[in-house]
Amino acid sequence: MKNFLWILIVIAIAMVFPIFFFIKENPFDTASFLSLQEKEMVAWQRARMQINPSKTNHLETFKDMQKNSEPFKNVNSCILIGAPPMEKKLLTIGISSMQRSQGSYLVDTLQSLFFSSSLSEQKHFIVLVHLADPDPTWCGQMISNISTIFKPYIQASQLVVINTPPKSYLPLKNLKKKFNDTPDYVAFYSKQNVDYAFIMNFATNHSDYFLMIEDDVKCVPGFVTQIATTVSAWENKPWVTLEFSQLGFIGKLFRTRDLPCFVHFLLLFYQEMPCDCLLSHFHDLLMQQAPVQFFPSLFRHMGNYSSFESKFSNLKDKEFEDDIGSPNNPAASVYTSLNVTNDSVLMNAYSLDKNFFYSKSAEAGSHLTVVLDAPAKVFRVQVLTGSDLKDENQLKEGQVELGYDSTNRINDCDDYILLGLLVNGILNKQVLSNESGKKVKCVRLLVTATLPSGIIVRHINLWVK
Ligand SMILES: *[C@@H]1O[C@H](CO)[C@@H](O)[C@H](O)[C@H]1NC(C)=O
Ligand SMILES: *[C@@H]1O[C@H](CO)[C@@H](O)[C@H](O)[C@H]1NC(C)=O
Ligand SMILES: *[C@@H]1O[C@H](CO)[C@@H](O)[C@H](O)[C@H]1NC(C)=O
Ligand SMILES: *[C@@H]1O[C@H](CO)[C@@H](O)[C@H](O)[C@H]1NC(C)=O
Ligand SMILES: *[C@@H]1O[C@H](CO)[C@@H](O)[C@H](O)[C@H]1NC(C)=O
Ligand SMILES: *[C@@H]1O[C@H](CO)[C@@H](O)[C@H](O)[C@H]1NC(C)=O
């Protein structure tokens with residue numbers, strides 16, 4: 001009987017997923033349902049998805065699944081604020097937000113998204129917010145708050161807020177009874193699955209990639225560039241999701257062309273389990289063997305409670321506290337457009353001792369560039385500015401870039417990508433993508449706003465393979 005259910009489920013899935021991606025050696029033939037691979041898949045799925053067979057009427061499940069894929073056609077998510085841009089972007093960042101008894105972090109999350117991105121990065125993404133709370137008073141207040149605070153972003157088509165009328169929702173009452181989960185929890189994740197399906201459905205046509213985050217996260221400066229770099233390195237590889245955080249459903253990146261499949265999957269199984277579990281079954285189905293995760297996380301949880309109120313989260317990104325060992329700066333020369341007086345040694349900026357480099361003034365556009373004698377795989381960069389004890393002579397507005405060179409320049413590179421912005425005079429960052437195989441030749445510190453007084457560059461530390 002268990003086998004029978006799973007054959008039905010596989011057939012149902014095969015009907016809604018006419019194309020199976022990522023199966024390299026043995027493309028899935030939808031006409032031969034009982035192939036060996038399929039039997040294996042049925043067995044595998046049965047073992048992994050913990051549906052309780054004694055409580056399930058198999059035929060009903062199958063019919064339900066078919067019925068449930070119907071209302072999808074009538075989903076009418078509507079725009080509350082803003083308008084999507086005319087041209088397709090690189091990335092849509094999706095947030096689904098509900099009212100919480102402890103107060104909302106949504107505004108802080110939006111601020112973090114925009115403030116952590118440079119103006120040129122902001123051109124490449126839009127933020128899509130789904131207000132998924134049935135309470136019209138809360139929605140009204142949220143609309144008013146977001147409209148006021150984020151007016152410039154709304155006008156620039158960088159922020160769009162939507163919701164979905166209750167009549168589009170799948171039934172959220174009399175849900176399946178679960179052994180392990182309380183009815184409240186089942187109701188919570190069932191609704192969340194449908195919310196996520198709606199926002200992903202809306203996002204399908206506006207960008208090449210879609211990133212889901214939650215409404216209570218802080219992001220790392222320059223995260224968009226890191227995602228863009230990673231995505232270009234992974235462009236031709238088979239993957240379903242790239243994960244830029246290990247927590248829940250935060251920082252999960254999809255290709256928008258895969259979203260329609262995942263939306264169907266969420267709607268078919270919305271009552272079964274929370275969306276992060278469904279996602280891992282979706283991976284199984286599309287043959288992504290293991291999660292593809294990148295460290296450190298680009299997103300941190302802000303609150304210390306999760307969105308489901310009885311589930312306190314002790315969610316912490318462990319790798320943020322990792323001991324990273326000592327830097328091993330390889331042989332290099334340092335060049336700068338800053339004024340080097342004869343009492344300050346430029347090389348001190350790159351030395352591994354306690355000496356530092358000081359310049360009396362620093363104008364916007366000035367740089368300090370480390371050019372490695374031999375290009376190398378750099379996997380971590382730390383730039384420390386300002387005096388050690390006091391916050392004096394910090395570079396408040398500056399950025400660090402990685403340089404590549406194809407034209408054999410002597411003291412520079414011909415191609416730079418942004419690694420990140422300094423925050424409080426510091427950048428400390430893992431270089432995510434070693435996949436492109438490109439070796440870094442230059443590490444450039446760029447001053448983006450003129451300093452009122454001098455600048456201290458304490459250390460540029462590199463970790464090199
Ligand atoms: C909107 O902003 C006001 C004023 O800051 C605040 O009191 C209120 O809680 C906010 N509403 C929501 C839904 O966050
Ligand atoms: C996306 O575009 C395709 C092709 O133009 C269209 O068929 C589909 O309905 C669109 N999807 C959404 C959610 O707007
Ligand atoms: C987290 O919880 C502690 C007590 O459990 C509280 O004092 C603190 O304010 C909370 N932090 C946030 C950001 O809500
Ligand atoms: C460098 O120092 C010279 C002499 O002190 C000064 O004229 C010049 O403006 C300075 N240049 C910069 C970029 O600060
Ligand atoms: C630089 O060195 C010269 C000669 O050693 C000295 O005369 C001059 O005062 C020095 N300048 C500064 C700013 O220390
Ligand atoms: C990238 O780096 C990770 C961790 O340092 C390593 O496990 C992986 O094999 C590297 N990939 C390539 C293609 O170099």
Side-chain angles (χ1 to χ4, degrees), residues 21-22 88-96 109 112-114 116-117 121-130 158 160 193 195-197 199-263 265-266 275-301 317 319 417-418 420 429-436:
F21 305 107
F22 316 120
K88 212 171 188 191
K89 301 280 175 171
L90 175 75
L91 183 67
T92 301
I93 300 170
I95 306 173
S96 182
T109 302
S112 175
L113 282 170
F114 290 118
S116 304
S117 310
E121 286 176 317
Q122 285 174 17
K123 293 199 184 99
H124 296 293
F125 69 90
I126 61 171
V127 177
L128 180 61
V129 176
H130 188 232
Q158 287 166 352
V160 176
N193 288 334
D195 292 339
Y196 280 27
I199 188 172
M200 290 178 182
N201 179 51
F202 189 93
T204 303
N205 288 343
H206 300 300
S207 57
D208 295 326
Y209 298 93
F210 176 81
L211 177 83
M212 194 74 195
I213 62 171
E214 288 179 8
D215 64 351
D216 55 355
V217 303
K218 250 191 165 41
C219 27
V220 166
F223 71 96
V224 176
T225 298
Q226 300 218 29
I227 289 174
T229 315
T230 310
V231 154
S232 76
W234 281 73
E235 203 174 356
N236 298 316
K237 300 182 183 215
W239 53 269
V240 182
T241 357
L242 302 181
E243 302 186 16
F244 296 97
S245 162
Q246 294 156 278
L247 302 176
F249 218 92
I250 302 174
K252 307 290 185 276
L253 184 92
F254 298 79
R255 295 183 174 101
T256 48
R257 65 158 199 247
D258 294 342
L259 287 181
C261 282
F262 188 54
V263 166
F265 191 79
L266 281 175
C275 49
D276 47 334
C277 303
L278 282 178
L279 179 61
S280 83
H281 290 291
F282 189 67
H283 286 165
D284 289 351
L285 205 63
L286 297 194
M287 305 293 174
Q288 179 178 320
Q289 310 277 341
V292 185
Q293 296 176 327
F294 298 91
F295 304 98
S297 291
L298 299 183
F299 306 95
R300 300 175 87 150
H301 226 257
D317 303 64
E319 87 263 25
I417 62 153
L418 179 67
K429 201 159 219 162
Q430 186 148 346
V431 180
L432 285 182
S433 171
N434 54 358
E435 291 287 329
S436 61

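Every value quoted in this text rests on a predicted model; they were computed, and no experiment measured them.
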* Does the pair L266 and C275 meet the rule for a side-chain contact (heavy atoms from CB on, under 4.5 Å), with working shown? -> CA-CA 7 Å; L266 281 175; C275 49; 4.2 Å; yes
* To do: For the residue pair F262 and F265, categorise the inter-ring angle as parallel (less than 30°), tilted (30 to 60°) or perpendicular (more than 60°).
  => parallel
* Can you check whether H206 and F202 have ring centres sitting under 6.0 Å from each other? -> yes
* Sole candidate of L253, I227, L242 that passes side-chain contact (heavy atoms from CB on, under 4.5 Å) when paired with F294 -> L242
* Less than 4.5 Å apart, any side-chain heavy atom of F114 and any of V127? -> yes
* Return yes if some donor-acceptor pair links the side-chain N/O of D276 with the main-chain N/O of F249 below 3.5 Å, else return no. => no
* Asked: Under 4.5 Å between any side-chain heavy atoms of F244 and Q226, yes or no?
  -> no
* Structure fact -> Correct closest heavy-atom pair for S297 and S245 would be OG-CA, 3.6 Å
* Is there a side-chain contact between F210 and D258, using heavy atoms and a 4.5 Å cut-off? -> no
* Counting N and O atoms only, with roles assigned by atom type, does the side chain of S116 sit under 3.5 Å from a partner on the main chain of C219, one being a donor and the other an acceptor? -> yes
* To do: Check whether any side-chain heavy atom of W234 lies under 4.5 Å from a side-chain heavy atom of V292, and answer yes or no.
  => yes
* **Check against side-chain contact (heavy atoms from CB on, under 4.5 Å), L279 and Y196** => CA-CA 12 Å; L279 179 61; Y196 280 27; over 6 Å; no
* Asked: Can you tell me if S117 uses its side chain to pair, donor with acceptor, with the backbone of Q122 under 3.5 Å?
  -> no
* Structure fact -> Smallest heavy-atom separation, I199 atom then S96 atom, equals CD1-N, 4.4 Å
* Asked: Say you draw a straight line from CG of L91 to CG of L128; how long is it, rounded to the nearest 0.5 Å?
  -> 11.0 Å
* To do: Would you check if the side chain of K89 reaches a backbone N or O of Q158 as a donor-acceptor pair within less than 3.5 Å?
  => no
* Spatial distance of atom OG1 (T241) from atom CE (M212) [nearest 0.5 Å] -> 13.0 Å
* Rounded to the nearest 0.5 Å, how far does CG of D216 lie from CZ of F299? -> 12.5 Å
* To do: Measure the spacing between CD of Q293 and NZ of K252 and express it to the nearest 0.5 Å.
  => 7.0 Å
* Heavy atoms of other groups near K218 NZ, more than 12 under 6.0 Å -> no
* Could you go step by step and tell me if Y209 and L90 meet the side-chain contact (heavy atoms from CB on, under 4.5 Å) rule? -> CA-CA 6 Å; Y209 298 93; L90 175 75; 3.9 Å; yes
* To do: Keeping the roles fixed (side chain from K123, backbone from E121), state whether a donor-acceptor pair exists under 3.5 Å.
  => no
* For the student: nearest non-hydrogen atoms of D195 and H130, plus distance -> O-ND1, 3.7 Å
* Does the T109 side chain pair with the main chain of V217, one donor and one acceptor, at a distance under 3.5 Å? -> yes
* Which heavy atom in T92 sits nearest to a heavy atom in A203, and how many Å separate them? -> CG2-CB, 4.1 Å
* Asked: Distance from L418 atom CG to T229 atom OG1, nearest 0.5 Å?
  -> 8.5 Å
* Structure fact -> Hits for side-chain contact (heavy atoms from CB on, under 4.5 Å) against D208, two or more places apart or cross-chain, chain-then-number order -> K88
* Structure fact -> Between T204 and N201 the two heavy atoms that sit nearest each other are OG1-O, 3.0 Å
* K237 charged N/C atom sitting above W239 aromatic ring, 6.0 Å / 45° -> no
* Asked: About how many Å separate CG of L247 and CD of E214, when rounded to the nearest 0.5 Å?
  -> 8.0 Å
